[in-house]
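The next block holds one structure in the form of structure tokens; read it before the comments.
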Number of protein chains: 2
Amino acid sequence: MGKIAESTVRRLSVYLRLLEEFAAQGKGTVSSHELAGQGHTTPAQVRKDLSFFGSFGKRGLGYPVPELIAQLRDILGLDRPYRVAVIGAGKIGRALVGYQGFVSRGFHIVLLYDNDLDKVGVSWDGLQVRDERDIEADLAREPVDIAIVATPACAAQALVDRIVTTGIKAILNFAPVEVSHPDGVVVKNVNMALELETLSYALRNR
Amino acid sequence: MGKIAESTVRRLSVYLRLLEEFAAQGKGTVSSHELAGQGHTTPAQVRKDLSFFGSFGKRGLGYPVPELIAQLRDILGLDRPYRVAVIGAGKIGRALVGYQGFVSRGFHIVLLYDNDLDKVGVSWDGLQVRDERDIEADLAREPVDIAIVATPACAAQALVDRIVTTGIKAILNFAPVEVSHPDGVVVKNVNMALELETLSYALRNR
DNA sequence: GGATGTGAATGTCTTCACAGCT
DNA sequence: AGCTGTGAAGACATTCACATCC
């Protein structure tokens with residue numbers, strides 16, 4: 001299959017959410033127009049996005065909701081559970097552990113770390129905080145698919161360097177710093193201050 | 001000034017962070033190559049991004065660090081403080097209040113709301129949780145620049161509808177749902193499950 | 001020499017428009 | 001008639017390459 005744009009993948013995730021709402025309402029089929037929502041994208045964009053992966057609709061009718069949900073889950077790789085480790089038991093780590101939106105998508109946080117020994121051993125939502133020094137040993141025994149880095153910026157690069165040695169292939173980085181990493185490891189950044197800064201820019205020019 | 005791509009604005013934010021690190025190290029000038037970092041973008045991209053707003057560098061030398069910081073802060077609208085309201089005092093709201101990265105950028109969370117009366121009146125980091133029913137009255141008295149929605153998906157649209165009536169112009173939405181809103185209001189979505197889903201897609205194809 | 005600034009070329013993504021199926 | 005699927009066109013973003021200046 002050809003290379004798919006990141007923007008397309010993000011929209012597929014959005015379509016999946018919308019489709020689940022339509023399914024909950026008992027809708028059997030939806031049109032590209034309905035999936036485009038209230039101006040967030042266009043019907044043509046929806047059809048193009050889906051067409052990269054196959055022909056899921058029926059002309060004159062639209063797309064069958066349950067089948068398209070199954071297809072999108074398959075395309076996005078959500079047809080299986082993921083084991084996730086959260087590194088950093090500060091406020092962000094606290095918010096991530098027990099966040100409903102993860103479990104319902106098959107992302108299970110199974111390990112939680114901090115370097116503060118006062119936190120080690122404490123349980124949050126049934127998950128015990130572990131000693132950050134044990135990361136390599138733990139991940140060797142019970143590998144995870146994804147690591148979420150939720151530490152201060154100054155600690156992030158060293159931790160990324162350590163966890164990539166364990167063979168991890170995907171990292172979600174909440175630390176407000178660009179981390180370098182080997183090819184073959186996918187890193188996505190979530191930077192809340194940066195989002196506010198784009199809002200600031202948007203406000204400035206209006 | 002012409003319209004600037006969102007991707008450009010996001011990179012400017014990243015450059016600003018890097019520049020502040022260089023400034024802390026006492027560096028007086030940086031080249032586009034240094035600002036491009038370890039492969040996150042290219043020197044040509046850096047120069048193009050900056051050139052949309054002016055000529056800040058000196059040929060043969062590079063860019064003066066303190067001046068470029070001042071310019072970027074000005075361009076991004078970070079040369080003044082912002083008043084921010086957080087709506088939803090759950091785990092995400094908790095993480096946002098007191099997040100250091102906001103204050104250091106001039107984003108001051110001055111109001112915090114929840115609809116759970118057990119939480120109303122409680123103080124977090126010196127900020128008292130207010131009754132969600134008072135939002136309109138409070139914002140009329142003490143307007144804010146940006147609202148952060150950190151509620152469950154089901155509550156988000158109704159709250160957005162209410163706060164746009166107060167004249168707010170920018171919303172950062174953490175609820176995992178696309179909200180509709182009038183033109184003239186800028187809405188940015190941060191959806192952590194969606195980020196994990198793009199990682200899932202990336203893992204699937206390798 | 002060394003690095004910027006920028007038009008031109010290239011590459012990527014989105015939108016159009018219509019053939020083709022139901 | 002209605003809506004999908006898709007090449008082609010258009011818009012947009014990135015990269016190139018070189019003239020320009022310190």
Side-chain angles (χ1 to χ4, degrees), chain A residues 1-15 18-19 22 27-72 75 178 198 201-202 205, chain B residues 1-15 18-19 22 27-72 75 178 198 201-202 205:
Chain A
M1 176 180 341
K3 194 171 149 295
I4 302 296
E6 160 109 13
S7 49
T8 293
V9 176
R10 298 182 77 87
R11 283 191 299 267
L12 293 181
S13 273
V14 175
Y15 303 155
L18 281 170
L19 282 161
F22 284 125
K27 269 186 89 80
T29 60
V30 290
S31 65
S32 59
H33 186 80
E34 289 170 297
L35 274 181
Q38 329 81 172
H40 297 304
T41 187
T42 65
Q45 183 75 77
V46 172
R47 296 199 300 275
K48 180 64 89 179
D49 286 338
L50 295 174
S51 76
F52 292 133
F53 299 94
S55 299
F56 306 122
K58 290 220 187 314
R59 297 173 194 227
L61 281 174
Y63 299 91
V65 173
E67 284 88 336
L68 189 52
I69 286 175
Q71 291 282 0
L72 287 181
I75 290 166
E178 304 279 317
T198 65
Y201 177 81
N205 302 337
Chain B
M1 174 179 343
K3 196 172 147 295
I4 302 296
E6 159 110 12
S7 50
T8 293
V9 176
R10 299 181 75 86
R11 283 191 299 267
L12 294 181
S13 273
V14 174
Y15 304 154
L18 281 171
L19 283 162
F22 284 125
K27 269 186 89 80
T29 58
V30 291
S31 65
S32 58
H33 186 80
E34 289 170 297
L35 274 181
Q38 328 81 172
H40 297 303
T41 186
T42 65
Q45 182 76 74
V46 172
R47 296 199 300 276
K48 180 65 89 178
D49 286 339
L50 294 174
S51 76
F52 293 134
F53 299 94
S55 299
F56 307 120
K58 290 219 188 313
R59 297 173 196 230
L61 281 173
Y63 300 90
V65 172
E67 285 87 336
L68 189 52
I69 287 176
Q71 290 282 1
L72 287 181
I75 290 166
E178 304 281 317
T198 66
Y201 177 81
N205 302 334

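The sequence lines fix the lettering, A, B, ..., with proteins before strands; numbering per chain opens at 1.
Remark: A:S32 is in phosphate contact with D:dT4, judged by side-chain N or O atoms under 4.0 Å from OP1 or OP2.
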I would like to know whether A:Y63 and A:L19 meet side-chain contact (heavy atoms from CB on, under 4.5 Å); could you show each step before the answer?
CA-CA 10 Å; A:Y63 299 91; A:L19 282 161; 5.9 Å; no
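Taken to the nearest 0.5 Å, the OG1 atom of B:T8 stands 10.0 Å off from the NZ atom of B:K48. Rounded to the nearest 0.5 angstrom, A:L72 CG and B:Y201 OH are separated by 11.5 Å.
Not counting sequence neighbours, A:H33 has no partner by the side chain to side chain donor-acceptor pair (under 3.5 Å) test.
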Expected string for nucleotides 14-22 of chain D under the B/S/- scheme (protein heavy atoms, under 4.0 Å, primed atoms plus P, OP1, OP2 as sugar-phosphate) is SB-B-BBBB
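Rounded to an integer number of Å, the gap from A:F56 CZ to D:dT4 C1' is 13 Å. One atom, CD of B:E6, and another, P of C:dC13, lie 16 Å apart when rounded to the nearest Å. A:H33 has its NE2 atom 15 Å from the C1' atom of D:dT4, to the nearest Å. Separating the OH atom of A:Y15 from the P atom of D:dT4 is a distance of 12 Å, rounded to the nearest angstrom. At whole-Å resolution of the value, CZ in A:F53 and P in D:dG5 are 14 Å apart.
For B:Y63, whose side chain is taken as the heavy atoms from C-beta onward, the closest listed nucleotide among D:dC3, D:dG5, C:dT4 is C:dT4.
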Taking distance alone, no hydrogens or angles, what donor-acceptor pairs closer than 3.5 Å link side-chain atoms of residues 40-47 of chain B to residues at least two apart or in another chain?
residue : atom : partner : partner atom : Å
B:H40   : NE2  : B:Q38   : NE2          : 3.1
B:T42   : OG1  : B:Q45   : N            : 3.1
B:Q45   : NE2  : B:D49   : OD1          : 3.2
B:R47   : NH1  : B:S32   : OG           : 3.3

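Closest heavy-atom contact between A:L12 and A:F53: CD1-CE1, 3.5 Å.
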